[in-house]
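Counting starts at 1 for both ligands and their atoms, following the listed order.
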Amino acid sequence: MPRQLDVTSLVTRARDGDARAVARLISMVEDASPLLGEVAAALAPHTGHAQVVGLTGSPGVGKSTSTSALVGALREQGKRVGVLAVDPSSPFSGGALLGDRVRMQEHATDSGVFIRSMATRGHLGGLSWATPQAIRVLDAARCDVILVETVGVGQSEIEVVSLADTTLVLLAPGMGDGIQAAKAGILEVADVFVVNKADRDGADQTVRDLRYMLSLGRRERDETKWKAPIVKTVASRGEGIGDVIAALDKHRDWMNRSGERDRRRQLRAEAEIEAIALEKVRARIGDLRGGGTLPELAKRVVAGELDPYVAAEDLVDTVSAS
Ligand SMILES: Nc1nc2c(ncn2[C@@H]2O[C@H](COP(=O)(O)OP(=O)(O)OP(=O)(O)O)[C@@H](O)[C@H]2O)c(=O)[nH]1
Ligand SMILES: [Mg+2]
């Protein structure tokens, strides 16, 4: 790889399905390469086609196993598939996700599948910043479906939801998941519920509990609204995966018909712009520290000449003007 990277040719190669070019572009995103702006510009005209599917749920519920099974089923339909495994708790790419790599091994040599682990801790703004860019890379690389698996830890669940066109929430029997899900507010954001490990005792009870909790939230019967279906699976044996795919297709059609797809994408773009803008503002404030503006303001606050609110206003004005 030459030192001077030709971004345009990288993007062209990624569009032709060159896995190394895809990997390289995602690395540039992850490392916040100085060429990031150029990368984003080169990707932009080629994005907006993929269906982005988020998978979330408690640790060990079967997200990776389901992802792998979904990849297999989508490949049988001839679709090109991208997989992003996002671990917001780890600063190391691949470390905590090693097990996933093993599970994904069967797809490792398939040229129609791109698999990438991302660690987002240490990134300012966590998921909100690097993951959407990685999704753009896979989208531009002509993936029909992009599966984004996130280890469920509170905020990141909500973040992955805002990234996805369709959100799968996974539960398993006997994990007290239903109640946890209700607490996390995840019930409202699920487009499809998957009760995995249906080979275990209590799966039907989990489905009943879930139905009951959903019925509590659905007071008015608005027929135009999407009602998240509940699908039972045994991901480790591939059972029910066809039903999950059918539910995904149905949700995609509804999203297109109802205008919800565009509404979500609009919100997603707004959040993305905001995250990048905040990042830029932070960087500029950092520069001002070096330039003396921030220390100067601080000195005046210490001396009682200025209150910190006025000083902060000053700082924002200086940043906006620069
Ligand atoms: N009995 C049973 N076990 C399953 C099923 N699906 C997955 N498992 C097992 O459950 C364990 C966890 O599965 P994973 O797919 O790694 O779960 P995960 O949600 O990705 O886990 P984290 O990424 O650690 O949050 C593994 O040992 C799987 O083999 C299932 O349908 N039935
Ligand atoms: Mg996993």
Side-chain angles (χ1 to χ4, degrees), residues 52-74 81-108 113-121 126-127 131 134 145-161 163-164 166-181 183-184 186 189-207 210 230-245 247-248:
V52 183
V53 177
L55 287 97
T56 187
S58 305
V61 75
K63 295 178 295 295
S64 299
T65 311
S66 302
T67 300
S68 185
L70 284 168
V71 169
L74 290 163
V81 188
V83 177
L84 283 177
V86 182
D87 183 353
S89 64
S90 167
F92 307 109
S93 279
L97 295 157
L98 206 60
D100 292 349
R101 290 227 178 121
V102 175
R103 266 186 282 284
M104 290 288 168
Q105 208 65 56
E106 57 176 310
H107 304 297
V113 183
F114 305 103
I115 299 167
R116 179 69 175 225
S117 301
M118 289 185 81
T120 54
R121 200 175 78 185
L127 260 184
T131 313
V145 180
I146 301 169
L147 302 167
V148 186
E149 176 193 342
T150 317
V151 178
V153 280
Q155 186 55 33
S156 64
E157 286 177 338
I158 308 300
E159 282 184 23
V160 77
V161 163
L163 291 174
T166 303
T167 299
L168 298 183
V169 172
L170 273 73
L171 309 168
M175 292 178 71
D177 256 335
I179 296 149
Q180 274 181 19
K183 267 195 214 149
I186 207 77
V189 295
D191 298 309
V192 177
F193 287 101
V194 177
V195 174
N196 188 39
K197 305 197 184 184
D199 53 329
R200 292 204 178 157
D201 286 345
D204 288 324
Q205 188 59 44
T206 303
V207 171
L210 192 53
I230 303 172
V231 183
K232 280 199 292 183
T233 59
V234 184
S236 49
R237 290 195 231 128
E239 289 172 27
I241 295 301
D243 297 334
V244 177
I245 301 266
L248 290 179

Proximity of Thr65 to ligand 1 by residue part, where a heavy atom lies under 4.0 Å: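 It is both parts that get close, each with some atom under 4.0 Å.
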Region of Arg237 engaging ligand 1 - heavy atom pairs below 4.0 Å: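 Arg237 to ligand 1: no contact under 4.0 Å from either part.
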Interatomic spacing from OG1 in Thr67 to CG in Leu55 - rounded to 0.5 Å: 4.5 Å
Side chain to side chain, [X] and [Y], heavy atoms closer than 4.5 Å:
| X | Y | answer |
| --- | --- | --- |
| Val53 | Leu70 | no |
| Leu170 | Ser66 | yes |
| Pro173 | Lys197 | yes |

The Mg ion (ligand 2) to nearest N/O/S of Ser64 below 2.8 Å: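 Yes, within the cut-off.
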Ser64 backbone acceptor or donor facing Ser68 side chain under 3.5 Å: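 Between the backbone of Ser64 and the side chain of Ser68 there is no qualifying donor-acceptor contact (under 3.5 Å).
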Shortest non-hydrogen separation from Ala203 to Val195 and the atoms involved: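 So the minimum-distance heavy-atom pair works out to O-CG1, 4.0 Å.
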What I want to know is whether [X] and ligand 1 share at least one N or O pair that is separated by under 3.5 angstrom.
| X | answer |
| --- | --- |
| Gly60 | yes |
| Val61 | yes |
| Asp199 | yes |

Glu149: its N/O/S atom lying closest to the Mg ion (ligand 2) (atom name):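 Of all N, O or S atoms belonging to Glu149, OE2 is the one nearest the Mg ion (ligand 2).
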Option nearest atom 20 (O) of ligand 1 (shortest heavy-atom distance, choices Ser58, Gly57, Ser64):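 Minimum heavy-atom distance to atom 20 (O) of ligand 1 goes to Ser64.
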Closest to atom 4 (C) of ligand 1 (judged by heavy-atom distance), picking from Arg200, Glu239, Lys197: Lys197
Enumerated ligand 1 atoms positioned under 4.0 Å from heavy atoms of Pro59: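 In order of numbering, the contacting atoms are 25 (O).
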Glu149 neighbourhood, listing ligand 1 atoms whose heavy-atom distance to it stays under 4.0 Å: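 Reading through ligand 1 atom by atom, the close ones are 20 (O), 23 (O).
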Salt bridge flag under 4.0 Å for residues Lys232 and Asp243: no
Intermediate values then yes/no, side chain to side chain contact (heavy atoms under 4.5 Å, CB included), Leu248 and Leu168: CA-CA 9 Å; Leu248 290 179; Leu168 298 183; 3.7 Å; yes
